[in-house]
Asks: 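Here's a structure for you.
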Amino acid sequence: MKPADKTDTLSETRPKWMQVTAALRADIGAMARTQERRLPTEAELARRFAVSIMTVRQALAALETEGLVVRKRRHGTFLSEQAVRARHLFMLGRVSDVFEQQRSDGTTVLSAEWVEVPAELRHHFPAATRVWRFERMRCIDGVPCNFAVNHMREDVAGAVDLDLLRRLPVSQVIAEHTGFVISEMEQELSARTAEPDIAARLRIQPLDPVMELIGTSFEADGATLDIARIIYRADMFRFVNRVRQ
């Protein structure tokens, strides 16, 4: 945690309480990797950000709603168990690592639609004019942690049991329950800010940081089976690059 007597400069382009909330999320992520659990007092935070106590309370209330902190009257504000249990997601590992990292305590299938191939994905599905589009929300302890959109070939989607999508990662369903073989998976990770619709789904504020993972599954001949766009709450996940020899 930064020294209480150091002032962070806030911009004039966003509400101050939103900026304080975002800064404290970053602090919470760092604290979760240490033994430190208690946040500075409201007065200390007000001095650090040069804002009013009411602004600090609004930010802490937002973090409490997200399940990242617990506020105890007369005792202070503390990291929640959820914040301490932030998950690691491994990059460049085995296909089985991808299955494991996509597991969650609860997954909801929001929609399954037969749609035109998006322009940006046409090179992945050159022989198709339409594909299946699935939207899913994953939760940890009832709190949304990532939102996923999958585009899938018709023959692949036709072999997928929707009930399995509520219990297993899409890639695992394809590999273990459809007869198709995933020969290779490509993952592209980027840092972004949350668009309003994504922020609402993940219960964060617009322009808060998120991590976007584009995962593509291929058959042995290079044909694309599925493309996933997964938006992760940056305060609930840490990505690790692991290389094997």
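Only this structure's heavy atoms are used, side chains among them; waters, hydrogens and symmetry mates stay out. Note that the structure is a prediction, hence the values are computed from the model and not measured.
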Asks: Test of understanding: with salt bridge (Lys or Arg N to Asp or Glu O under 4.0 Å), list the residues that count as partners of D163, not counting sequence neighbours.
Replies: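 Testing D163 for salt bridge (Lys or Arg N to Asp or Glu O under 4.0 Å), a comparison that skips the adjacent residues, returns R167.
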
Asks: Of all residues at least two apart in sequence or in a different chain, which pass the side chain to side chain donor-acceptor pair (under 3.5 Å) check with S52?
Replies: T55

Asks: Does any pair with a residue in residues 110-161 pass ring pair (Phe, Tyr, Trp, His ring centres under 6.0 Å), and if so which ones, sequence neighbours excluded?
Replies: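 Found W114-W132.
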
Asks: Mind checking what makes salt bridge (Lys or Arg N to Asp or Glu O under 4.0 Å) contact with D155, not counting sequence neighbours?
Replies: R153

Asks: With sequence neighbours excluded, what pairs up with E135 under the salt bridge (Lys or Arg N to Asp or Glu O under 4.0 Å) test?
Replies: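 Per chain and number, E135 pairs via salt bridge (Lys or Arg N to Asp or Glu O under 4.0 Å) with R133, R201.
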
Asks: Going by the rule side chain to side chain donor-acceptor pair (under 3.5 Å), which residues pair with R130 if we only count those two or more places apart in sequence or in a different chain?
Replies: none

Asks: R229: which residues meet the salt bridge (Lys or Arg N to Asp or Glu O under 4.0 Å) condition with it, sequence neighbours left out?
Replies: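 Applying salt bridge (Lys or Arg N to Asp or Glu O under 4.0 Å) to R229 gives E212.
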
Asks: T41: which residues meet the side chain to side chain contact (heavy atoms under 4.5 Å, CB included) condition with it, sequence neighbours left out?
Replies: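 Scan of T41 (side chain to side chain contact (heavy atoms under 4.5 Å, CB included), adjacent residues dropped) gives R38, A43, E44.
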
Asks: Which residues satisfy the ring pair (Phe, Tyr, Trp, His ring centres under 6.0 Å) test with W17, sequence neighbours excluded?
Replies: none

Asks: What's in the same ILVMFWY side-chain cluster as I53, cut-off under 4.5 Å, chained through other members?
Replies: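 Traced through the cluster, I53 reaches no other member.
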
Asks: Can you name the residues that form a side chain to side chain donor-acceptor pair (under 3.5 Å) with T178, not counting sequence neighbours?
Replies: none

Asks: Can you name the side chain to side chain donor-acceptor pair (under 3.5 Å) partners of Q58, sequence neighbours left out?
Replies: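 For Q58 there are no side chain to side chain donor-acceptor pair (under 3.5 Å) partners, ignoring immediate neighbours.
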
